[in-house]
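In what follows, every chain begins at residue 1, and chains take the letters A, B, ... in the order their sequences are listed.
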Amino acid sequence: MIKKLKNLCKIACGSLLRHKLRSVLTILGITVGITVVIVVLSAGQAIEDFITGQVNQFGTDWIQVEVKVPSAGKTSLENVGGLAQGVTITTLKLSDAEEIKEHPNVRDYYAGNVSQEIISYEAQNKLTMIFGVTAGFIDIDPSELIQGRFYTEAEDKGLDKVAVLGFGIKDVLFGQRDAIGENVKINKQNYEVIGVMEEKGSAGMFSMDDVVYIPARTMQKRILGIDYITFIFNRIYDTSIARQTADDITLIMRDLHNITDPNRDDFHATSAQEALEMLDTVTGSIQILLLAIALISLVVGGVGIMNVMYVSVAERTFEIGLRKALGAKYNNILNQFLTEAVIITFIGGIVGIILGIILTWLISFVATNYLGFDWQFYFSIQYILLAAGMSVLVGLVSGLYPARQAASLDPMVALRKE
Amino acid sequence: MAKEKKLIKLIDICKQYENEEVVTKVLYDINLEVNKGEFVAIMGPSGSGKSTLMHIMGFLDKPTSGTYYYKGKKVSDFDEDKLADIRNEEVGFVFQTFNLLQRTSVYDNVNLPLTYSDKKIGDQDVIQAIKSVGLYHRKDNLSNQLSGGEKQRVAIARALVNRPEIIFADEPTGNLDSQSGKQIMEILQDLNEKGNTIILVTHEKYTAEHARRIVSIIDGKIVDDYQVKKRLIAKDEKYLTK
Ligand SMILES: Nc1ncnc2c1ncn2[C@@H]1O[C@H](COP(=O)(O)OP(=O)(O)OP(=O)(O)O)[C@@H](O)[C@H]1O
Ligand SMILES: [Mg+2]
């Protein structure tokens, strides 16, 4: 048994060594496929880690209420499209937030609008995100101030023109100078800078430091000229009943908005758990897509092997005929060619695994150190086993047809092919 | 007992090749019996069908019609694996065109049948087979570095290595000078004396003289089949020529 296996490997290696360049090229085909598999698996994991990390920053103890175009799913294209096309939902009010706050499991909240405005100081102008949120924001959001203070509820209700600058905006407008007590212009009005946020870094493409916070009511009345809001972010006490609380909030909201038909809901309440589940579906489909790409490249590699094996069978017809004439059985020849194919794909697999690990590490290194992503280098023994298994499988599948062709040759016919 | 002695029995064997609308009739109603331990020479002009007959008897090719009994059993009932086993363990075949593996050493060529054999035959026997054809000094040479006669002898060593009962040799001395040819014939004769059945094709009357029986074929038909009463070359004579 062992002698036979040794023999098979010896014959296969011999024929592979005879055609070095061809063998190397075929191995390369599989290597590329396996490298892609490894990178894709690790990348999928990194993307998942990254996204859940982003969500977990906000903790899991929250329920968000957002406006929604009635009779549209919360994430449906219709909703996104409707909102983007300027269908404005004007029914969500700060008073709704006050009412939700009465629920025993709701601890506190912040609510408001987001807009883009030009902010200027002396000669400096910058188009920036303005968060018009209620004073509760600073208690709930993990961010802290490095200078000054956040605005109070009294200032919000008094429509005071005060602003808290994100770290990046402060840097653009003031540089090293002190910003506290200075006036910045937003929408041609003067706002007194009362605080500066600490540096938060970026969340992907979007820098959380290029943001300005002003009181929610000030934003409504003085900048946007509206009386509605677009979101309420509630912090809750007991996360184990988050789902129930979200359902309660939905009922409270329907009552407030006089809605009897759930299809006419003009809002949606999402718990952290629900958001995570939605993200899981998204990352899941991203991973499946990436894996499909990897599989396609493996199939391409497999077709390459099949080609080479067919050429090899054609070239070695005489050898096969001779082996059969001297007593080789169908299975002997079949195994010989399958072994050859599997050796190619196995070597390709091993090189691919090594390259994949190196590449994954490089990507995570570059992403983390130069692009500001928190891309963890992720790797597990399962990936190696999976990739090795796949490479052997590709060898078996793509080698099978050529090997069967070889094994079925008639010895006398094959011998005449010299 | 008598049945066991009968190794090969051909009844009305015909063979024709059919390729691209051309039908070539090669063998007509061949009837032939070979007993265990015989030394048969098949003779005939070029193209008369000698090799074709050898391939059929050597389990390499199949007749178009007729029946081949091997050890009393119909060969047409054997499956491919059974035929492969017989080719490997019971039969040694020396091809007219040697059929060696290119770019492969003499040793590996001779060793090739053992790759597929369950018989306990080791390195020493491979070396022994190579020595018996006088090629020990060439055992590591690649087959394409050999002369025609040397290739012929490698092919013979390969046919001997798995200790077959029957040896088919298709013009084994065709490429050899008379001295080397004699050596080969002596090897075959020794094997025959040890109980092996030898069936050989030859053109040369001279080599046929080692055989006990000469079968003549012309145009695919057996025209003559006679027993030689005693070997024409006396056993002592081969010692004299040395
Ligand atoms: N595969 C084939 N297809 C068609 N015809 C063939 C084939 N093989 C052999 N023949 C023909 O069969 C005839 C007998 O061939 P065979 O090789 O048996 O002759 P031979 O007696 O061995 O001749 P030689 O002494 O030259 O070796 C020849 O006429 C040859 O052309
Ligand atoms: Mg011939």
Side-chain angles (χ1 to χ4, degrees), chain A residues 1-23 311-340 343 403-418, chain B residues 15 17 19 51-52 54-56 58-63 78-105 108-123 142-144 155 158-162 164 168 170:
Chain A
M1 183 63 202
I2 290 177
K3 178 197 156 197
K4 280 191 174 144
L5 216 65
K6 229 179 82 185
N7 249 324
L8 274 179
C9 290
K10 202 179 132 195
I11 296 171
C13 291
S15 98
L16 291 178
L17 288 176
R18 256 198 287 281
H19 302 284
K20 286 190 195 68
L21 183 66
R22 189 202 289 169
S23 304
V311 171
S312 178
V313 170
E315 270 182 2
R316 283 151 66 194
T317 302
F318 168 78
E319 178 197 324
I320 298 161
L322 180 64
R323 286 178 184 279
K324 291 197 85 171
L326 296 179
K329 298 192 178 87
Y330 180 91
N331 279 336
N332 296 134
I333 302 295
L334 188 81
N335 292 342
Q336 177 186 334
F337 280 88
L338 281 183
T339 308
E340 209 176 301
I343 285 178
R404 285 214 314 221
Q405 194 190 54
S408 320
L409 282 171
D410 178 83
M412 235 24 247
V413 173
L415 277 175
R416 274 189 208 107
K417 285 273 161 59
E418 197 181 19
Chain B
K15 177 73 181 178
Y17 293 104
N19 18 332
S51 296
T52 306
M54 290 288 271
H55 293 149
I56 290 172
F59 308 96
L60 290 163
D61 210 347
K62 296 189 174 73
F78 297 166
D79 63 14
E80 285 300 323
D81 281 2
K82 169 81 177 163
L83 291 173
D85 269 339
I86 295 176
R87 287 198 292 264
N88 185 241
E89 301 193 335
E90 299 182 28
V91 164
F93 206 103
V94 182
F95 294 92
Q96 189 171 10
T97 49
F98 329 133
N99 290 348
L100 302 183
L101 273 190
Q102 295 284 305
R103 288 176 291 175
T104 303
S105 71
D108 285 340
N109 264 293
V110 174
N111 190 50
L112 200 53
L114 303 183
T115 317
Y116 305 107
S117 173
D118 291 330
K119 283 189 187 172
K120 297 250 177 304
I121 289 179
D123 271 7
L142 300 186
S143 64
N144 38 315
R158 187 179 62 192
L160 303 180
V161 73
N162 211 14
F168 292 95
D170 197 347

Nearest atoms (heavy-atom pairs only) where [X] meets [Y]:
X: A:Pro411; Y: B:Leu60; result: CG-O, 4.3 Å
X: B:Asp61; Y: A:Arg416; result: OD2-NH2, 4.0 Å
X: A:Ala328; Y: B:Ala84; result: O-CB, 3.8 Å
X: B:Arg87; Y: A:Lys324; result: NE-O, 3.0 Å
X: B:Phe95; Y: A:Leu322; result: CE1-CD1, 4.3 Å

Under 4.5 Å heavy-atom distance to chain A, tell me which part of [X] shows up: side chain, backbone, both or neither.
X: B:Arg103; value: both
X: B:Asp118; value: side chain
X: B:Asp108; value: side chain

Checklist entry - Rounded to the nearest 0.5 Å, how far does OG1 of B:Thr115 lie from CG of A:Leu326? => result 9.0 Å
Item to check | Atom pair CG (A:Asp410) and CD (B:Glu80), whose distance is rounded to the nearest 0.5 Å | outcome: 7.0 Å
Checklist entry - How about B:Lys119: does its NZ atom have over 12 heavy atoms from other parts shown lying under 6.0 Å from it? => result yes
Checklist entry - Can you name the residues that form a side chain to side chain donor-acceptor pair (under 3.5 Å) with A:Arg323, not counting sequence neighbours? => result A:Glu319, B:Tyr116
Next on the checklist: Less than 4.5 Å to any heavy atom of chain B: does that hold for the side chain of A:Ile11, its backbone, both, or neither?
Outcome noted: side chain
Item to check | Set of residues satisfying ring-ring contact (aromatic ring centres under 6.0 Å, His included) with respect to B:Phe168, sequence neighbours excluded | outcome: B:Phe93
